[in-house]
Amino acid sequence: MYYGESTVLYFNGAFMNAADAKIDLYSQSLHYGYAVFEGIRSYQTANGTKIFKAKEHYDRLRYSAEVMGIPFSVSTQELTDLTYELLERNSFTNAYIRPVVLCSPNMSLSKGKESYLAITAWEWTNGYLSNQMRIMTSSYRRPNPSGFKINAKVSGHYVNSILACQEAKDNGFDEALLLDIEGNVAEGPGANVFFEKDGVLYTPAAGNILPGITRATVLDLCEILGIPVVEKKFKPEEMRGADSAFYCGTAAEVVALESMDNIPFAQPWENSLGSELQKAYKNCVLEKEYTAETINN
Ligand code: PMP
């Protein structure tokens with residue numbers, strides 16, 4: 001359950017009880033998946049409740065709206081302030097925050113005329129993904145970048161994620177791995193992917209993926225920790241049977257992959273570069289120091 005009797009959300013200019021919020025059934029967003037959204041985390045840190053990378057997320061929200069032609073001009077500062085207020089009103093510290101920009105009633109296929117901002121949040125302590133995931137290469141490909149604004153976070157894109165995720169679950173796996181239109185490894189349904197081979201990390205280059213904010217954080221951490229990382233196109237054969245691999249995303253954080261298409265990754269997770277990055281990421285979101293010396297403390 002995402003909300004209870006006293007949960008408050010923000011919608012179209014006001015804070016209100018979640019149960020009282022109503023959207024119009026003629027909203028363009030509902031019929032066509034024509035909405036943009038974000039997934040953001042807040043953490044209880046030694047310095048109080050902190051929203052991780054609020055600026056990056058809200059900049060991306062505005063970017064997503066802009067490329068989709070949805071009018072939306074609330075500033076990052078205003079969005080961040082509203083979000084902190086929402087967390088405070090709900091007494092949330094460790095939370096998942098879900099802002100969405102919805103379009104007004106309009107059954108035509110024209111650009112959005114007017115938009116409404118909703119920000120919801122719910123308490124979140126553990127990642128939604130299991131400890132070590134068994135993934136399968138999906139028969140569904142990520143949307144063709146010639147047909148979609150693939151680097152924007154658009155609601156309609158997630159129908160593809162749902163198909164892939166359900167296919168994986170129906171086949172007894174924890175999660176899917178999607179290829180892009182050219183058959184290269186792209187990403188998970190809601191996370192980016194890295195694999196390790198001979199001391200080097202590899203991740204799909206930007207272009208056919210949602211370039212995640214967590215992915216960017218991991219790349220920064222690699223630089224700090226001196227971990228070599230290569231962004232490139234690669235086929236699933238190159239990743240299958242690699243030394244180790246992980247998914248990363250706001251909700252997933254850094255999560256180990258146990259196997260791909262039933263072929264285990266060779267190395268124990270504890271010895272992998274991903275495990276080191278998992279600890280570093282945790283330190284980072286909790287605002288603990290993350291230098292090469294302090295990383296494992
Ligand atoms: N790819 C997809 C398809 C996603 O939905 C997400 C989650 N937003 C990611 C990657 C990871 O992005 P981020 O690290 O910004 O959460």
Side-chain angles (χ1 to χ4, degrees), residues 33 35-43 51-65 67-68 76 79-80 83 95-101 119-121 124 127-129 133 135 137-138 140-145 147-168 174-181 184-195 201 203-222 229 231 245-255 257 274 277-278 280-282 284-285:
V36 294
F37 71 104
E38 270 303 317
I40 311 176
R41 278 288 326 261
S42 65
Y43 292 90
I51 301 168
F52 186 61
K53 300 219 162 167
K55 179 178 175 353
E56 286 81 349
H57 282 285
Y58 282 129
D59 284 353
R60 185 170 68 185
L61 184 66
R62 260 200 321 279
Y63 168 79
S64 297
V67 296
M68 293 307 293
T76 289
L79 290 162
T80 307
T83 309
Y96 183 83
I97 301 147
R98 171 52 62 80
V100 54
V101 180
I119 312 177
T120 58
W124 186 282
Y128 79 107
L129 301 166
M133 295 197 305
I135 59 165
T137 306
S138 182
Y140 296 100
R141 298 281 171 98
R142 285 299 282 159
N144 184 342
F148 294 88
K149 302 288 187 186
I150 192 78
N151 65 351
K153 204 163 162 64
V154 181
S155 298
H157 295 177
Y158 284 80
V159 176
N160 170 255
S161 296
I162 289 173
L163 286 171
C165 190
Q166 287 317 306
E167 181 192 41
D174 299 312
E175 194 54 290
L177 174 70
L178 290 100
L179 308 184
D180 66 18
I181 198 73
N184 297 305
V185 170
E187 59 194 327
N192 292 116
V193 62
F194 285 73
F195 79 87
L201 282 180
T203 193
N208 291 352
I209 58 168
L210 181 77
I213 290 161
T214 317
R215 176 183 178 277
T217 307
V218 166
L219 292 174
D220 286 348
L221 289 170
C222 284
V229 48
E231 297 174 64
F246 62 89
Y247 273 180
C248 68
T250 298
E253 301 179 326
V254 174
V255 62
L257 301 184
L277 286 160
Q278 192 176 47
Y281 185 76
K282 203 80 204 175
C284 189
V285 296

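Order of listing sets the numbers, starting from 1, for every ligand and every atom in it.
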CD1 of Ile119 to CG of Leu79, rounded to nearest 0.5 Å, is 6.0 Å

Rounded to the nearest 0.5 Å, what separation is found between the CZ atom of Arg141 and the CG atom of Asn160? 11.5 Å

Nearest heavy atoms of Leu178 and Ser138, plus distance in Å: CG-CB, 4.2 Å

Basic-acidic side-chain contact under 4.0 Å: Arg142, Glu187: yes

For the residue pair Tyr281 and Phe52, does the interplanar ring angle fall in the parallel (under 30°), tilted (30 to 60°) or perpendicular (over 60°) class? perpendicular

Extract all N/O-N/O pairs under 3.5 Å that connect ligand 1 to the protein, and present each with both atom names and the distance rounded to 0.1 Å.
unit_1   : atom_1 : unit_2 : atom_2 : d
ligand 1 : 1 (N)  : Glu187 : OE1    : 2.7
ligand 1 : 5 (O)  : Lys153 : NZ     : 3.4
ligand 1 : 5 (O)  : Tyr158 : OH     : 2.4
ligand 1 : 8 (N)  : Lys153 : NZ     : 2.8
ligand 1 : 14 (O) : Ile213 : N      : 3.2
ligand 1 : 14 (O) : Thr214 : N      : 2.8
ligand 1 : 14 (O) : Thr214 : OG1    : 2.6
ligand 1 : 15 (O) : Arg60  : NH1    : 2.9
ligand 1 : 15 (O) : Arg60  : NH2    : 2.9
ligand 1 : 15 (O) : Ile213 : N      : 2.8
ligand 1 : 16 (O) : Thr250 : N      : 3.0
ligand 1 : 16 (O) : Thr250 : OG1    : 2.6

Close side-chain approach of Phe194 to Leu219, heavy-atom, < 4.5 Å: yes

